[in-house]
Amino acid sequence: MSSSTTPSTAPAVSRPLTPGRSDVVIVGAGIIGLAHAFEALADGLSVTVVERDRQPVGASVRNFGHCCISAQEGELLALAQRSRGGWLRAAEAAGLWAREAGTLVVARSATEAAVLEELRAERGGDAVELRTAAQMATALGRADGDDRDLVGGAFLPADLRVNPREAAPALARWVAEQSNGRILWGTAVTGIEPGTVHTTRGPVHGERILVCVGHDVDYLFPDIAEDHEIQRCRLTMARAAAPAAFHTDSAVLTATSMLRYDAFTARPSAARLREEVIGHSPELLEIGANVMFTRLPDGTVLVGDSHHYDATTPPFIDERTFELLTAAVADVLGVRQLQVLERWQGVYASSSRGPLLVRDLAPGVRAISVTSGIGMTLSFGLAAATFDGTLAATG
Ligand SMILES: Cc1cc2nc3c(=O)[nH]c(=O)nc-3n(C[C@H](O)[C@H](O)[C@H](O)COP(=O)(O)OP(=O)(O)OC[C@H]3O[C@@H](n4cnc5c(N)ncnc54)[C@H](O)[C@@H]3O)c2cc1C
């Protein structure tokens, strides 16, 4: 396989592609495509990744970097657990920041604490460690250990943290460095047939083609996307300066998070929790909030998020949504206000039909999109299942 084209050296105009046939051609250099590239290379296969942009800029760099394993249920939990090992292997190979830092879930009412207690009863004390209010206040770095508005919490040790700004670019670099791997940046895929991917720079050939384009699957395969009822979910995010005493690498979840992840919503007290949140924070439910935050290695925090669903994403970020989220995070951290450094909108594929789109489009051609906002969590599990043949087609 020829050497790779990196973002910094990608040509501004088309030039002929280096000829050659890969075992696997992957469309999309987001985390799903790159996890598949990593696993394929680990299996000794040759890989070409085709990416329209010159660096990863999709959902995979806009998220919390939270491999949210423990909050999944059933088959997704198994896939997420499998993903954990892949993330750790990839982190070691590509030298990217990954921490076995777990997740803290804050409980600020008896009902929130009851959901966590029920999860502990279901999963066991090793998977769900209950925390006191004082322990949570310390973990949150609250001034004087102020725990007056806290009831307790839980620590979910299995979860991982990565730096979303670094993970996909570092993996892409690693793929490009392998003798059997190449990445074609600045090369948009325009059509696919068995054995051939048509691009804006000419055809790319491969035995097996994996289409990992996230929410943009509708641009290439509108009928499949419509059949799977794919929509774009847009999320408001911010990066803020962290309060000085907030040091944990653990992701921090709150009550609204418990209303969004199956491990919590499956518990008996979840319905009561929903009523409770409707009662005290209806404005957060109106914006589909999952009030959560994660700390980056530079000490700043990623803050979010809201959920709005459209076929095509409007470009505008609603200021009220942004203010509600940042105020809610400040409240959990026990500070008056966050100093916001950046804000952005993220988009991922969502479907009412199910959490995954896995479709065989033609012999040797498969589309794989996570349609439930947990692609960071599932990425390496999906990739491992693709190559051992256990990832079943959906729909
Ligand atoms: C704000 C936000 C927060 C999130 N938080 C979490 C979280 O905490 N935990 C978690 O597990 N998940 C989270 N997610 C979801 C997760 O980020 C996504 O599920 C995941 O990144 C999807 O990866 P992907 O590779 O499919 O998509 P993307 O990262 O969007 O990559 C798709 C790539 O395909 C390329 N592409 C598209 N069309 C073409 C074409 N025709 N030719 C060539 N290239 C093409 C795009 O340019 C893009 O680079 C979050 C998402 C967002 C937006």
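Residues: numbered from 1 along the sequence shown.
- Val252 and Val128 are not part of a single hydrophobic cluster, where members link through side-chain heavy atoms under 4.5 Å apart.
- Side chain of Thr371 to main chain of Gly354: a donor-acceptor pair is present (N/O by atom type, distance under 3.5 Å, no hydrogens or angles).
- Once rounded to the nearest 0.5 Å, the distance linking CZ of Phe316 with CD of Gln345 reads 10.0 Å.
- Atom NE2 of His66 sits about 3.0 Å away from atom OG1 of Thr103, to the nearest 0.5 Å.
- With respect to Glu92 and Arg89, no salt bridge is recorded, no charged nitrogen being found less than 4.0 Å from a carboxylate O.
- Between the Thr200 side chain and the Ala188 main chain, a donor and an acceptor come within less than 3.5 Å of each other.
- Considering only heavy atoms from C-beta on, Ile287 comes within 4.5 Å of Leu325 through its side chain.
- In this structure, the side chains of Gln55 and Val61 stay at 4.5 Å or more apart for every pair of heavy atoms.
- Side chain of Ser351 to backbone of His228: a donor-acceptor contact under 3.5 angstrom is found.
- Atom OG1 in Thr300 sits 8.0 Å away from atom CD in Glu342 (nearest 0.5 Å).
- Under the 4.5 Å side-chain criterion, counting only non-hydrogen atoms from C-beta, Val329 is in contact with Val291.
- Across all their heavy atoms, Ile230 and Leu357 have their closest contact at CD1-CD2, 4.0 Å.
- The minimum heavy-atom distance linking Ala238 with Val340 is given by the pair CB-CG1, 4.2 Å.
- Taking 4.0 Å as the cut-off between side-chain N and carboxylate O, Arg320 and Glu283 do not count as a salt-bridged pair.
- Looking only at side-chain heavy atoms (C-beta outward), Arg272 and Arg267 stay at 4.5 Å or farther from each other.
- Each of Leu324 and Leu235 belongs to its own hydrophobic cluster when Ile, Leu, Val, Met, Phe, Trp and Tyr are linked at side-chain heavy-atom distances under 4.5 angstrom.
- For the pair Ser257 (side chain) and Asn290 (backbone), a donor-acceptor distance under 3.5 Å is absent.
- With a 4.5 Å cut-off on side-chain heavy atoms, Leu253 and Met258 do not count as touching.
- One finds no salt bridge joining Arg260 and Asp305 here, because no Lys/Arg side-chain nitrogen approaches an Asp/Glu carboxylate oxygen to under 4.0 Å.
- Classification of Arg232 and Asp216 as a salt-bridged pair holds, one side-chain N sitting under 4.0 Å from a carboxylate O.
- The backbone N or O of His198 lies less than 3.5 Å from a partner atom in the side chain of Thr190, making a donor-acceptor pair.
- Between Arg142 and Asp149 there is a salt bridge, with a side-chain nitrogen of the basic residue lying less than 4.0 Å from a carboxylate oxygen of the acidic one.
- A salt bridge links Asp249 with Arg295: the closest approach of a Lys/Arg side-chain nitrogen to an acidic carboxylate oxygen falls below 4.0 angstrom.
- Of all heavy-atom pairs spanning Ser306 and Thr236, the tightest one is OG-N, 3.1 Å.
- For the residue pair Ala113 and Ala107, the shortest heavy atom distance occurs at N-CB, 3.7 Å.
- Between Phe380 and Phe38, the angle of the ring planes goes over 60°, which puts this pair in the perpendicular group of the 30/60° scheme.
- No salt bridge links Arg108 with Glu276; every basic N to acidic carboxylate O contact stays at or beyond 4.0 Å.
- Note that CZ of Arg21 and CD of Glu207 are 4.5 Å apart. Values are rounded to the nearest 0.5 Å.
- No donor-acceptor distance shorter than 3.5 angstrom exists from the side chain of Arg99 to the backbone of Val162, with no hydrogens or angles considered.
- Going from atom CD of Gln231 over to atom CG of Asp310 covers 7.0 Å, rounded to the nearest 0.5 Å.
- Using a distance-only test at 3.5 Å, with no hydrogens or angles considered, a donor-acceptor pair links the side chain of Arg161 to the main chain of Gly65.
- Between His36 and Val24 there is no side-chain heavy-atom pair separated by less than 4.5 Å.
- Gln72 has its side chain within reach of Tyr261: a pair of non-hydrogen atoms, C-beta onward, lies under 4.5 Å apart.
- Looking at Leu156 and Arg123, their side chains never come closer than 4.5 Å, going by heavy atoms from C-beta outward.
- Using a distance-only test at 3.5 Å, with no hydrogens or angles considered, a donor-acceptor pair links the side chain of Trp344 to the main chain of Arg62.
- In this structure, Arg343 forms a cation-pi arrangement with Phe322, its terminal cationic atom sitting closer than 6.0 Å to the ring centre and no more than 45° off the ring axis.
- No chain of hydrophobic side-chain contacts below 4.5 Å, direct or via other Ile, Leu, Val, Met, Phe, Trp or Tyr residues, connects Val105 to Phe246.
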